[in-house]
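Scroll down for the structure; my scribbles are underneath it.
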Number of protein chains: 2
Amino acid sequence: MATIYDVSVMAGVSLATVSRVVNNNAKVSEKTRLKVLEAMEKLDYRPNATARSLASNRSDSVGVLVSQLEGPYYGTMMQQIEEALRSAGKHVIIAAGRSDEALEKDGVEFLLDRGCDALVLDVEAVTDEYLVQLAKGRTPIVLINRYIDAIQDRCIYLDNEQGGYLATSHVVSLGHRDVAYVSGPLYKLDVRQRIAGHKRALAEAGIDYDERYFVEGDFAEDGGAAAMEALLERGVPLSAVVCANDRMASGAIAVCLERGLSVPGDISVMGYDNNPLPRYISPTMSTISNPIHEMGKMAAHWVLKHVYQVDVAIAFEFMPTLIPRGSTAVKTP
Amino acid sequence: MATIYDVSVMAGVSLATVSRVVNNNAKVSEKTRLKVLEAMEKLDYRPNATARSLASNRSDSVGVLVSQLEGPYYGTMMQQIEEALRSAGKHVIIAAGRSDEALEKDGVEFLLDRGCDALVLDVEAVTDEYLVQLAKGRTPIVLINRYIDAIQDRCIYLDNEQGGYLATSHVVSLGHRDVAYVSGPLYKLDVRQRIAGHKRALAEAGIDYDERYFVEGDFAEDGGAAAMEALLERGVPLSAVVCANDRMASGAIAVCLERGLSVPGDISVMGYDNNPLPRYISPTMSTISNPIHEMGKMAAHWVLKHVYQVDVAIAFEFMPTLIPRGSTAVKTP
DNA sequence: CTGTTAGCGCATTCAC
DNA sequence: GTGAATGCGCTAACAG
C-alpha cells in the first residue's frame with residue numbers, strides 16, 4: 001500500500017505538498033499538482049483513512065445506533081441515511097442497541113471511540129438525562145423518534161400523540177364506542193404518546209376510558225393475536241380495536257377471522273406504521289403513516305448541515321396521516 | 001478526553017505498562033495493574049480506537065457490503081452479523097452497493113480504506129474476476145450468496161439451483177404441466193441458478209421448456225403483477241406459476257384474484273424466500289426457505305474464525321427446503 | 001515485570 | 001507556493 005511519502009518521493013516534492021493536493025485546501029502550482037497527481041495515479045495511492053482521522057480529528061463517518069436491524073422499519077431508515085451520507089462522501093457505522101440500556105450505552109461509546117463525526121440515535125432504553133448529557137459532549141448527536149425538550153434542536157420526531165389520536169378518532173368517527181387499544185411495550189416513550197392520543201380521542205367523543213379495553217402488547221404479530229384473544233375473553237362488548245402497530249393488527253385480525261368474526265363487519269381493526277403488505281391481502285389494513293424514511297433522511301441532512309456545513313433545509317417534526325383502508329368500517333347496529 | 005499518557009502519569013508508571021493492562025496481553029504485577037486501573041477509572045479513560053488502529057494495524061471492525069438495506073431480506077442478515085460480531089467485541093461498518101458495479105467497488109474501497117479487518121460481501125454487480133483478485137489482497141473477504149470456484153473457501157451460499165428445482169418439481173408433482181416461471185433480473189447469478197433448477201425439474205418431468213412460459217421480473221410485487229398479466233395475455237394454458245421470490249408471487253396472486261381466478265383452485269403459485277407474511281393472509285404462500293439469517297451468522301463466524309482466531313465451526317453451503325402451504329394444490333382436471 | 005524508543009500515515013503549523 | 005518539523009494516541013519491539 002503506497003503511502004503519502006512514496007508519492008512525495010516519486011513526484012519529487014515534499015510530503016506536505018502531496019497532502020495539499022490530496023485535500024485540495026491550499027494553493028499548489030498547477031505544474032506540481034500535475035506531477036503529484038501522476039505519481040498518485042502510478043502508485044495507485046489511496047489515503048489511509050485511519051491515519052487521516054488521527055491527524056485531523058475527523059473521520060468522515062457518522063455512527064448510527066438503532067434498536068434493531070430487522071423488520072420493515074429500520075431497513076428503510078438505514079437505507080435513507082446511508083444514501084444521503086454516502087452521496088456526500090461520508091460513511092456510516094452501524095450498531096444495534098436492542099432496546100437494552102446497557103447495550104445502547106455500549107453502542108454509543110463504541111461509536112464515540114471510533115471517532116465518528118456525529119451520531120444518529122434511534123434509542124429507547126436510555127434516559128433523557130443521559131442523552132442531554134451526551135449532547136453536551138464534543139460529538140454532535142441527533143435523535144430520531146424521540147423528543148426531548150432540552151435538546152429539541154436535535155430531535156427528529158413523529159407526533160405520536162397525534163398519530164394515536166388520529167387512529168382512535170377515525171374509528172370513533174365511524175360510530176364505534178366500544179374501542180379497545182392494544183399498545184406496545186409501555187417502557188417505550190412513543191408507545192405512551194400514542195396512548196395519550198388514544199385517550200384524547202376518547203375523551204373528545206365523551207367515551208370513558210376503561211382499563212378492560214386496554215392490553216399491553218409487544219409490537220409482534222403473535223402479541224397482537226394474544227391481545228385480541230385476551231380482549232375477547234374479557235367478554236366486554238367490542239366493536240373496534242386500535243393497535244399500536246401494523247404487525248399486532250395483523251395478529252389481531254387473524255384471531256378474529258379464525259373465530260369467525262368478520263373484519264370489518266363485526267370488528268374494525270386499526271394498525272399503525274403503514275408497513276408494506278401484499279396487495280392481495282384481505283382486508284387491507286387501515287393504518288397511520290409513519291414516515292420513518294423521511295425522518296432518516298432528515299437526520300442525515302441534519303448531520304450534513306451541522307457537521308459538514310452542507311447547506312440543506314431541516315424539518316424536525318413530522319406529522320402522521322390517516323390511511324383508511326379495508327379493515328375499518330362504519331359501525332353496524 | 002484522557003489519553004494513555006494521562007493515565008500513565010497519574011498511575012506513576014510508563015505508558016507501555018498502561019497499554020499492557022488495557023490490552024491484557026503481557027504480565028503486569030497485580031499491584032501496578034490495580035494502580036493503573038484506578039487511574040483509568042478516575043480519568044474515565046477510554047482508548048482511542050483510531051490511534052490504536054493506526055498503531056496496531058487492526059481495527060476490530062469488519063465491513064459489510066450489501067446491495068440494499070431495506071426489505072425483509074437484508075435486515076435479518078445484518079442483524080445476525082452485527083450480533084455475532086458484537087458479542088465478540090467486534091464491530092460493523094456498513095455500505096450499500098445498490099447492485100451497481102461502480103458503487104459496489106466504491107463501497108469495497110471505502111471499507112478497505114477504513115482499515116476493516118475483514119469484509120463480508122453480498123454483491124452481485126462486480127465480476128468473479130474482481131472478487132478473486134480482491135481475495136488475494138491483504139484483507140480477508142467472505143462472500144454471501146455467491147459461489148466462485150477459485151475461492152470457494154470464502155463462499156457462504158445457498159444452493160439456488162436446488163431451490164429452483166424444488167419449487168418447480170413441487171408443482172409438477174402436484175400434476176401441473178403448464179408451468180410458467182417468473183424470474184428475477186437475469187444479470188443476477190442466483191436468478192440464473194434458480195432458472196437452471198426450474199429447467200431441470202421440467203426436463204425430469206419430460207416437459208419441454210417453452211419461452212412463452214417465461215417472464216423476467218424485477219423481484220418487486222408490482223413486477224410480479226405485471227408478469228402475471230403478461231402471462232395471462234399470452235393466452236397459453238396455465239395451471240401453475242413459479243416465482244423467483246415471494247414478493248413477485250404476492251403480486252401474481254393479487255392479479256389472479258382480481259381477475260376472478262382462484263388460487264390455488266385455478267392456478268397454483270409458488271414463492272421463494274419464505275418472507276414473513278401476515279398470518280391471516282389467504283392463500284398462505286407456498287415457498288422455498290432461504291436461510292439468509294443463517295448465512296449471515298455463518299459469514300460472521302467465518303470472520304471470527306479466520307481473522308480473530310475464535311474457534312467456531314463453519315458451514316459453507318446451505319440447502320433450501322420446500323415449504324408447501326396454501327397457494328399450491330393438486331391440479332384439477 | 002517494567003521503561004524507553006520508534007514509528008503507524010497523515011495534517012498542520014511554521015518558516016522560507 | 002513549498003518544505004521541514006511536530007504530534008495525533010497508541011502499539012510493539014527492545015532493553016534492562
Side-chain angles (χ1 to χ4, degrees), chain A residues 1-37 39-40 43-61 89 109-110 112-117 138-139 308, chain B residues 1-37 39-40 43-61 89 109-110 112-117 138-139 308:
Chain A
M1 207 45 148
T3 73
I4 199 171
Y5 176 78
D6 301 327
V7 176
S8 76
V9 170
M10 173 175 279
V13 298
S14 84
L15 192 151
T17 299
V18 177
S19 175
R20 288 184 184 107
V21 358
V22 168
N23 293 296
N24 195 31
N25 58 2
K27 307 285 154 231
V28 175
S29 80
E30 197 54 24
K31 202 173 128 202
T32 64
R33 130 171 275 115
L34 287 176
K35 277 195 307 192
V36 172
L37 288 175
M40 282 170 48
L43 292 168
D44 188 27
Y45 168 73
R46 296 206 323 263
N48 178 313
T50 305
R52 176 195 294 232
S53 173
L54 183 60
S56 68
N57 207 33
R58 289 178 303 98
S59 67
D60 288 329
S61 68
E109 301 218 330
F110 163 69
L112 252 23
D113 293 347
R114 297 285 324 158
C116 291
D117 295 335
R138 62 187 316 145
T139 305
Y308 299 119
Chain B
M1 209 46 149
T3 74
I4 200 172
Y5 176 78
D6 301 327
V7 176
S8 76
V9 169
M10 173 175 279
V13 298
S14 83
L15 194 152
T17 299
V18 177
S19 175
R20 288 184 184 107
V21 358
V22 168
N23 293 297
N24 195 31
N25 59 1
K27 307 287 152 227
V28 175
S29 80
E30 196 54 24
K31 202 172 126 202
T32 65
R33 129 171 276 113
L34 287 177
K35 276 196 306 191
V36 172
L37 287 176
M40 283 171 48
L43 293 169
D44 188 26
Y45 169 73
R46 297 208 322 264
N48 178 313
T50 305
R52 174 192 296 221
S53 174
L54 182 60
S56 68
N57 206 32
R58 289 179 302 98
S59 66
D60 288 330
S61 68
E109 300 219 331
F110 164 69
L112 251 24
D113 291 347
R114 297 284 326 157
C116 290
D117 295 336
R138 62 187 317 145
T139 305
Y308 299 118

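Labels below follow one simple rule: chain letters A, B, ... track the order of the sequence lines, proteins then strands, and each chain is numbered from 1. Just so we're clear, the structure is a prediction, and the values are computed from it rather than from any experiment.
- As judged by a 4.0 angstrom heavy-atom cut-off over every strand, B:Asn23 is placed among residues touching the sugar-phosphate backbone only.
- When the side-chain nitrogen and oxygen atoms of B:Thr17 are compared with OP1 and OP2 of C:dG3, one or more of them lie within a distance under 4.0 Å.
- Residue whose closest nucleotide on DNA chain C sits further toward the 5' end, between B:Ala55 and B:Glu30: B:Glu30.
- Between A:Ser19 and C:dA11 there is a side-chain N or O to OP1 or OP2 distance below 4.0 Å.
- Nearest heavy-atom pair across A:Ala51 and B:Leu54 is CB-CD1, 3.7 Å.
- The phosphate of C:dG3 has OP1 or OP2 within less than 4.0 Å of a side-chain N or O from B:Ser14.
- Between the P atom of D:dG1 and the CZ atom of A:Arg33 lies a distance of 11 Å, rounded to the nearest Å.
- One finds no side-chain N or O of B:Thr50 lying less than 4.0 angstrom from the OP1 or OP2 phosphate oxygen of D:dC10.
- Going from atom NZ of A:Lys27 over to atom P of D:dG3 covers 17 Å, rounded to whole Å.
- Ranking C:dT12, C:dT4, D:dG9 by closeness to the A:Asn25 side chain, first place goes to C:dT12.
- The B:Arg20 side chain lies nearest to D:dC14 when the options are D:dC14, C:dG9, D:dC10.
- Side-chain contact check for B:Arg20 versus B:Val36: every heavy-atom pair is 4.5 Å or farther apart.
- If you take CG of B:Leu54 and P of D:dG9, they are 12 Å apart, rounded to a whole angstrom.
- In this structure, of D:dC14, D:dC10, C:dC1, it is C:dC1 that holds the atom nearest to the side chain of B:Ser29.
- Using a 4.0 Å cut-off, no side-chain N or O of A:Tyr5 falls inside it from OP1 or OP2 of C:dA11.
- Contact annotation: B:Ser56 does not reach the phosphate of C:dC8 (side-chain N/O to OP1 or OP2, under 4.0 Å).
- In this entry the distance linking CG of A:Asn24 with P of D:dG1 reads 13 Å, nearest Å.
- Side-chain contact between A:Tyr308 and A:Asp60: present, with at least one pair of heavy atoms (C-beta onward) separated by less than 4.5 Å.
- Distances from the side chain of B:Val13 to the nucleotides D:dC10, C:dG3, D:dA4 place C:dG3 closest.
- Residues A:Thr3 and A:Asn48 form no side-chain contact, since every pair of their non-hydrogen atoms from C-beta on lies 4.5 Å or further apart.
- Distance alone, capped at 3.5 Å, places no donor-acceptor pair between the A:Thr50 side chain and the B:Gly115 backbone.
- A donor-acceptor pair is defined here as one N or O able to donate and one able to accept, closer than 3.5 Å; no such pair exists between the side chain of B:Thr139 and the backbone of B:Asp117.
- Between the side chain of A:Arg46 and the base of C:dG9, no donor-acceptor pair of N or O atoms lies under 3.5 Å.
- Going from atom CG of A:Asp113 over to atom C1' of D:dG9 covers 13 Å, rounded to whole Å.
- When heavy atoms are screened at a 4.0 angstrom cut-off, B:Thr32 is found touching the sugar-phosphate backbone but no base atom.
- In this structure, CG of A:Asn57 is placed 13 Å from C1' of D:dG7, rounded to the nearest angstrom.
- The side chain of B:Arg52 places an N or O atom within less than 4.0 Å of a non-bridging phosphate oxygen (OP1 or OP2) of D:dT11.
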